[in-house]
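Worksheet for the structure shown next.
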Protein chains: 2
Amino acid sequence: MTSTSRDVARAAGVSVATVSRAFSETGAVSETTRRKVLAEARRLGYSPNPAARRLITGRSGNIGLIVPDLANPFFADIIKGVQRRAREARQAILVADTDEQARMECDALRSLARQVDGVILASPRSAIEDLPHDLNIPIVLIHREAPGWWSVSADFAEGVRQALVNVRALGHEHVAYAAGPIQSWSGGMRTASLRRHAAELGVTLYELGSVAPTIDGGLAAADLALATPATALIAYNDVVALGAMRRLTARGVSVPRDMSVVGCDNTMLSQLSVPALTTVGVPRYEAGEAAVALLERSLADADAVPVQQVLPTSLVIRDSTAPPRPS
Amino acid sequence: MTSTSRDVARAAGVSVATVSRAFSETGAVSETTRRKVLAEARRLGYSPNPAARRLITGRSGNIGLIVPDLANPFFADIIKGVQRRAREARQAILVADTDEQARMECDALRSLARQVDGVILASPRSAIEDLPHDLNIPIVLIHREAPGWWSVSADFAEGVRQALVNVRALGHEHVAYAAGPIQSWSGGMRTASLRRHAAELGVTLYELGSVAPTIDGGLAAADLALATPATALIAYNDVVALGAMRRLTARGVSVPRDMSVVGCDNTMLSQLSVPALTTVGVPRYEAGEAAVALLERSLADADAVPVQQVLPTSLVIRDSTAPPRPS
DNA sequence: CAACTTGACGGAAACGTTTACGTCGCGCTT
DNA sequence: AAGCGCGACGTAAACGTTTCCGTCAAGTTG
């Protein structure tokens with residue numbers, strides 16, 4: 001049905017080796033025969049069989065991408081970044097959704113291992129030591145740093161610091177913080193940063209503990225916050241912030257008049273809400289692109305020393321923050 | 001580095017053919033030797049090389065998925081459905097994002113063609129006749145029907161009919177409709193259905209024309225709606241509805257007291273908004289699953305006659321609709 | 001008991017490339 | 001004029017499976 005390199009070789013009056021060389025950029029072939037071969041190939045509708053090529057070169061030409069939840073807009077942007085950079089490198093991407101389950105990360109990793117040249121693992125829920133390390137393909141982590149691993153993450157510590165500084169500048173002295181899942185590495189960064197900077201900024205931090213990273217988690221966080229003297233609430237992410245705003249409004253607490261709210265991630269949601277959410281901007285698209293770039297580097301030089309890239313974050317001020325009401 | 005079937009064969013004292021048979025479910029091999037082979041394979045860390053397998057069987061074991069925009073929550077759910085069903089069938093999925101561009105659909109189709117066993121094309125922006133049809137792999141369309149093509153779509157006509165009936169039952173006699181992009185097949189279905197049923201239900205339909213399927217499009221739609229006597233607005237999708245609600249609120253028009261708003265798709269957004277959005281529920285997860293099922297059928301029997309599956313839709317009533325204010 | 005089926009297994013030929021190696025002209029040096 | 005280097009190209013051996021035959025023993029039938 002589909003034609004092979006032999007067909008093209010015959011038609012162009014050359015050997016299959018020459019056909020192969022005409023298609024691989026590096027091949028030593030004269031310009032005239034290359035043109036001849038390419039023309040003949042087009043006429044016959046020939047394109048190299050990727051399976052055969054992969055069998056001999058060992059390169060599959062595609063990379064794996066593992067995310068906790070595709071429906072989470074946070075990861076959607078990461079995928080788009082990966083996608084774009086991968087397309088330039090003529091790589092296809094194989095995506096796996098793990099439904100937020102750590103075990104599925106390992107399964108996905110294993111089943112992808114033989115199919116791809118390398119894997120990008122976004123916001124892994126697993127502990128690093130639980131990840132299989134015997135599948136000799138490069139792995140790049142997103143939003144998780146670990147010694148000896150390639151990774152690209154964002155400077156969450158700086159982002160929430162900016163949030164705290166801003167809220168303090170508005171006049172808030174009592175700030176509540178709703179943390180996310182304990183396994184979240186980036187969440188840990190945020191908590192640590194807030195603790196570190198609260199004292200030196202002269203704000204009292206009320207840690208509300210860990211809530212689910214969902215709307216419902218946000219509802220709970222709002223009630224917890226109202227039980228403290230806090231006049232501002234920093235949330236684990238935008239979704240929690242939105243949930244909190246909804247609950248606050250429902251309980252007659254006006255945002256930002258009675259309570260300022262800050263989210264994290266700057267997802268699409270933060271622009272949609274009313275009032276629009278002040279949030280910590282996290283580069284997602286760029287993280288995806290950077291991860292592919294790192295993967296390419298580790299693919300090019302198998303024993304390159306892993307780099308841990310950190311992308312900048314910055315506060316995006318919208319309408320959910322304001323000075324506290326004079327009491 | 002990695003061991004091959006030959007290594008396993010040698011270790012187990014059998015031939016490579018037997019190793020192959022032990023791994024392919026169908027192979028005629030005695031239970032005892034199969035167990036022996038599998039044990040030896042596990043010990044050596046062997047797993048069949050997918051490239052070699054593909055080269056000879058012609059099956060790649062993965063399917064392609066092309067979507068206009070990964071960041072659109074609408075498609076995210078479709079992917080999750082595809083993902084789930086594909087995992088059961090031990091298939092990996094290769095995803096391509098076309099950035100809403102019709103041309104990229106063709107490019108993606110072509111570059112995927114040799115890599116996958118079949119392709120699922122969600123909400124194609126291209127005209128059917130522009131799609132390449134010479135790449136002899138099965139294609140399943142989502143949310144687009146065309147004679148001679150496999151497809152799974154939703155009964156948008158019924159969904160918006162229900163919306164119209166409901167709004168009419170609440171007492172609205174003047175209803176505005178903001179349509180989406182003209183290339184949208186499903187949008188066409190909605191428009192046609194509204195036109196068909198408006199008269200018989202005794203409602204006057206104000207067609208606002210086509211707006212961008214974005215928040216900004218929704219802002220525009222709101223202004224257009226306010227220029228008509230309409231007391232209810234049906235929007236192309238949830239995003240447009242949200243944009244409209246925002247604009248209406250900004251202009252001092254209370255939703256749903258002064259104006260009822262109905263969205264379409266029942267995306268996550270519709271639950272997040274305040275007030276929560278009444279919307280037409282469209283099965284996305286199920287559509288993804290169904291598409292894979294269809295793909296499997298057409299893979300199993302190459303000249304099966306294409307089926308066009310239609311999934312049910314139903315109105316989800318939330319807080320953005322209410323009886324019109326007595327004037 | 002001979003002939004025949006049946007099931008388990010090995011040998012070997014594919015599948016369609018890439019690439020190491022060899023050959024062959026051609027132009028250049030000495 | 002002989003030797004040499006070099007670029008272009010062909011030959012053939014991989015890559016790791018699956019699968020078509022063929023063989024052989026064990027059971028089954030007439």
Side-chain angles (χ1 to χ4, degrees), chain A residues 1-41 44-62 90 111 113-117 135-137, chain B residues 1-41 44-62 90 111 113-117 135-137:
Chain A
M1 195 68 203
T2 83
S3 50
T4 75
S5 67
R6 184 157 21 229
D7 300 329
V8 177
R10 193 156 20 218
V14 297
S15 73
V16 289
T18 304
V19 174
S20 169
R21 281 189 274 254
F23 272 87
S24 70
E25 311 300 308
T26 141
V29 66
S30 76
E31 195 49 37
T32 59
T33 55
R34 143 166 290 150
R35 238 191 286 275
K36 171 76 175 159
V37 168
L38 260 36
E40 218 54 50
L44 295 173
Y46 165 81
S47 69
N49 180 322
R53 170 176 281 181
R54 159 146 47 140
L55 180 56
I56 187 129
T57 61
R59 280 290 175 83
S60 68
N62 36 36
R90 305 204 161 286
S111 74
R114 299 298 303 262
Q115 305 233 36
V116 300
D117 297 333
L135 14 83
N136 57 47
I137 53 168
Chain B
M1 196 69 207
T2 83
S3 51
T4 75
S5 67
R6 182 152 29 222
D7 300 329
V8 177
R10 192 151 25 212
V14 298
S15 74
V16 289
T18 304
V19 174
S20 170
R21 282 189 274 252
F23 272 87
S24 70
E25 312 301 308
T26 142
V29 66
S30 76
E31 194 50 35
T32 60
T33 55
R34 143 167 289 152
R35 237 192 285 273
K36 172 77 176 159
V37 168
L38 258 35
E40 219 50 52
L44 294 173
Y46 165 81
S47 68
N49 181 322
R53 171 175 281 181
R54 157 141 55 137
L55 181 55
I56 186 122
T57 63
R59 279 289 174 84
S60 68
N62 37 36
R90 305 205 161 287
S111 75
R114 299 297 304 262
Q115 306 232 36
V116 300
D117 298 334
L135 13 85
N136 56 47
I137 53 169

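Residue numbering restarts at 1 for every chain, and letters A, B, ... go by the order of the sequence lines. All heavy atoms count here, side chains included; hydrogens, waters and symmetry mates do not.
Straight-line distance from the CG atom of A/Asp7 to the C1' atom of C/dC15: 13 Å, rounded to whole Å. The separation between B/Arg54 atom CZ and D/dG16 atom P is 16 Å, rounded to whole Å. Distance CZ (B/Arg6) to P (C/dA12): 13 Å, rounded to an integer number of Å. What separates CZ of A/Arg59 from P of C/dT19 is a distance of 11 Å, to the nearest Å. The interatomic distance linking B/Leu55 (CG) with C/dA13 (P) rounds to 17 Å, in whole Å.
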(request) Heavy atoms under 4.0 Å is the rule here; annotate nucleotides 5-13 of chain D 5' to 3' with B where the base is hit, S where only the sugar-phosphate is, and - elsewhere. (result) ---SBBB--

(request) Spell out protein contact along nucleotides 23-28 of chain C as letters: B when the base is contacted, S when just the sugar-phosphate is, - when no protein heavy atom is under 4.0 Å; keep the 5' to 3' order. (result) ------

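Within residues 44-52 of chain A, no residue has any heavy atom closer than 4.0 Å to DNA chain D.
With sequence neighbours left out, the salt bridge (charged side-chain N to carboxylate O under 4.0 Å, His left out) criterion links A/Arg10 to A/Asp7. Checked against side chain to side chain donor-acceptor pair (under 3.5 Å), A/Ser47 has the following partners two or more places apart in sequence or in another chain: B/Arg114.
Within the helix from C/dC1-D/dG30 to C/dT30-D/dA1, the inter-axis angle between the opening and closing five-pair segments is 40°, rounded to 10°.
If you check every strand for non-hydrogen atoms under 4.0 Å, B/Ser20 touches a base.
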